[in-house]
Structure formats: structure tokens, C-alpha cells
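Ligands are counted one by one from 1 in listed order, and the atoms in each one are counted from 1 as well. Residue numbers start at 1 and run along the sequence shown.
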Amino acid sequence: MHNSYRGRFAPSPSGDLHFGSLVAALGSYLDARHHNGTWLVRIEDIDPPREVAGASSAILNTLEQFGLCWDEPVVYQSQRHDFYQSELDKLIAQGVCYGCDCTRKMIMNGGGLYLGNCLNKDPDSLKTPHSLRFLNQHGIAKFEDRLLGTTTVNNDFANEDFILKRKDGLFAYQLVVVLDDIEQQITDIVRGSDLLEVTTRQMTLYQHLAVPFARYLHLPLAVTENGLKLSKQNHAKALNLDDRKELLIQALAFLGQHNSSQYQDFTIEQLLEYASKHWSIKDIPKQAQLIA
Ligand code: GLU
């Protein structure tokens, strides 16, 4: 048991929660409760163009309705710009950031990964606006996932000088997720497998900041018939709050958790308590699964 266990669910308010996000929230909640840990919710509202008005409060309300209650005040990334900028300024002062004015098209033409084009450019010659990249000298290509075991990404991906601040002036997800996970002392990150690859980038930042890595567990994705991740972009249905118990039972089944015949008689609270106690990682399927 890790009594210092701290986990989190970190939704982006780009729409209502859907079945895939319920699975991620539930998995991270159950893992935290199973370890007598602390469970936090952080609203990742750093990308206003992708935000849907009212989504943050709808997400929080839905989590509460499902009995997924958090232990500390909700953190909103939109209120932490000064913190992000001061941490970014430290990286700039260390000389591990540089400006890049490559267009998306140029990068796509080069095969989709940025190949260091702007590395030796005179900063004064850069077009404005431009993005800020991390000088990635010790890219990590491999890590141990608690469910998936040794996970490896392509070396070129691992070594890419990824973006810390976007051309439009917004902080990049990779930067703020790491700064917040460190600052909130998160020990265990349990989330969907769509973030498997970028975990290596996040670990590269941990390594650069000389902070011990979090532990990672990536849950199977809920996919539609054409193999797409269930997401707000492909119009995944919002969760019907009238079917909360049934949806929780379905999400537990999706996570391969022991199905008790008592479930039907349980309240939502009892269901969560039972599922936390019996939480079993070895029973979680490793593959993405279809959702009707
Ligand atoms: N905000 C991210 C998303 O909604 C998740 C971040 C994370 O769990 O690291 O996809």
C-alpha cells in the first residue's frame, strides 16, 4: 500500500463526459481508493478555442452524480498561467528552449515529425508569432506501464524537440500536465491509452527537472466500430444520468472487474466501495474495446 498515493483525473472541458471518459475517471478513482490514496480532479482548460461553454461544471456535476468525489479543491489550469510562465522562464534561462517558426505543412512534408529545422536559427530571424520548443537531449523511448508492461515508442518520436508553448501563445499540454502533476505531487497517473506515446515526452520533462517519475497505468480505450476513439469530436453520447448505476456496472465490466451478483442491490456508493476493494489490475483488458 502506498499511503502517499495521489492520483488524479484531468479532463479537458471540450464537451460532456462520455463512456470513454467515465472509464478513465472510474479507473483512476478505483486505483486511488484501493490504495487508500487521495484522488484529485484537475480541469485542463488551457485551450480556449477547444472549450465548450459550461463543460467544466457539467463534468464536475456528472462526476459527483456518479459518486466519484474528489478530496481536494478542483484545480483549473486556466488560473495557473503565472506559474506555468515562471517555470517556462526557468527552462528558457537554462538554455533548453528555442523558437521555431515552421508551419504545420512543413512538418507534415517532413514526415510528420519536426526535424530540428530551427535549431540553429538566429532568434532574431524568426517570424512572429512562433512556437517555443524543448531542446530534447535525452529523449526517453521506453517506460514500464503498470498494465501494459514495457512500452516503447519510436526513437524519432522520443527525440523530437516537442513544443512547450504554441505559436498562438497557449501553453502546450505536455508542459502544463507535467508541471501540475509535479506540483500536486501526483504519484500515480491512470488514464486512457491515447496518451501512451506522449507519456515518454512527459517523462523526459520529469527527467530534465530531476523529479522522480510518476507511475503510469494506461487503460484500454473505448472505440467505435470504425476503430475511432470514443471522443467528443466523433460525437460520443453524453452519459445519461438516469442510468448511472447501469453505466457504472458497464464501465466496471469494460475494465474487466469482477462482476458481483450483488451489484443490482447495491447503491452507487456501495458499488464503488465494493469495486475499490476488489480492484484488480491483472483483469483489465489490454486491448481497446468496442462500445455499442
Ligand atoms: N486533459 C487530457 C485529456 O482530456 C488528459 C490529461 C491526462 O490525463 O494526462 O485528454
Side-chain angles (χ1 to χ4, degrees), residues 5-32 37-52 54-60 62-63 68 70 74-81 84 140 143 145-148 151 153 162-164 166 170-206 209 211 213-223 228-236 238-239 255 284 288:
Y5 181 116
R6 287 170 70 80
R8 84 322 188 257
F9 175 56
S12 306
S14 52
D16 289 331
L17 288 189
H18 50 74
F19 186 76
S21 31
L22 175 65
V23 165
L26 181 64
S28 108
Y29 175 89
L30 294 177
D31 195 55
T38 301
W39 190 66
L40 311 181
V41 172
R42 181 171 73 228
I43 298 286
E44 302 213 313
D45 49 356
I46 36 149
D47 193 349
R50 288 191 54 215
E51 210 167 299
V52 170
S56 296
S57 49
I59 289 172
L60 295 175
T62 303
L63 290 173
L68 302 174
W70 49 92
V74 173
V75 163
Y76 291 82
Q77 289 189 325
S78 57
Q79 295 171 7
R80 294 163 69 79
H81 284 205
Y84 303 143
I140 290 178
F143 70 99
D145 186 272
R146 290 171 56 206
L147 173 65
L148 303 170
T151 301
V153 301
F162 52 87
I163 290 183
L164 299 178
R166 294 165 23 175
L170 297 175
F171 294 103
Y173 156 69
Q174 309 301 349
L175 174 70
V176 298
V177 76
V178 169
L179 293 178
D180 283 340
D181 283 335
I182 292 175
E183 203 260 343
Q184 295 188 280
Q185 300 183 329
I186 301 299
T187 59
D188 288 81
I189 295 176
V190 179
R191 60 186 178 189
S193 292
D194 51 326
L195 296 165
L196 197 60
E197 270 202 306
V198 297
T199 298
T200 56
R201 302 197 155 168
Q202 295 170 20
M203 292 175 76
T204 299
L205 286 176
Y206 271 84
L209 297 167
V211 174
F213 301 131
R215 286 178 290 255
Y216 292 94
L217 192 172
H218 287 89
L219 300 169
L221 288 184
V223 293
L228 292 174
K229 177 197 163 198
L230 205 61
S231 75
K232 294 143 195 165
Q233 283 70 37
N234 58 35
H235 310 295
L239 297 165
L255 289 168
I284 305 175

*What part of Leu195, side chain from CB on, backbone N/CA/C/O, both or neither, has a heavy atom under 4.0 Å from ligand 1?*
side chain
*Just by distance, do the side chain of Asp181 and the backbone of Ile186 share a donor-acceptor pair under 3.5 Å?*
no
*Residue Val177 vicinity, atoms of ligand 1 by number, heavy atom under 4.0 Å*: 9 (O)
_Distance filter under 4.0 Å to Glu44 heavy atoms, resulting ligand 1 atoms_ = 1 (N), 2 (C), 5 (C), 6 (C)
*Going by the side chain to side chain contact (heavy atoms under 4.5 Å, CB included) test, name the single residue among Val178, Ile140, Leu209 that passes it with Thr204.*
Ile140
*Should the ring pair His218 and Tyr216 be called parallel, tilted or perpendicular, given that the plane angle runs from 0 to 90° and is split at 30 and 60?*
parallel
*Taking only Lys NZ, Arg NE, NH1 and NH2, and the carboxylate oxygens of Asp or Glu, determine whether Asp180 and Arg42 approach each other closer than 4.0 Å.*
yes
_Applying a heavy-atom cut-off of 4.0 Å, say which part of Tyr173 lies close to ligand 1: side chain, backbone, both or neither._
side chain
*asked:* Distance under 4.0 Å to a non-hydrogen atom of Ser12: what atoms of ligand 1 satisfy this?
replied: 1 (N), 2 (C), 3 (C), 4 (O)
*Subset of ligand 1 atoms that lie under 4.0 Å from at least one heavy atom of Arg8*: 7 (C), 8 (O), 9 (O)
*Is Arg146 salt-bridged to Asp188, cutoff N-O under 4.0 Å?*
yes
*Going by the atom numbers of ligand 1, which of them fall below 4.0 Å from some non-hydrogen atom of Arg191?*
7 (C), 8 (O), 9 (O)
_Over 60° means perpendicular and under 30° means parallel, so tell me whether Phe9 and Trp39 are parallel, tilted or perpendicular._
parallel
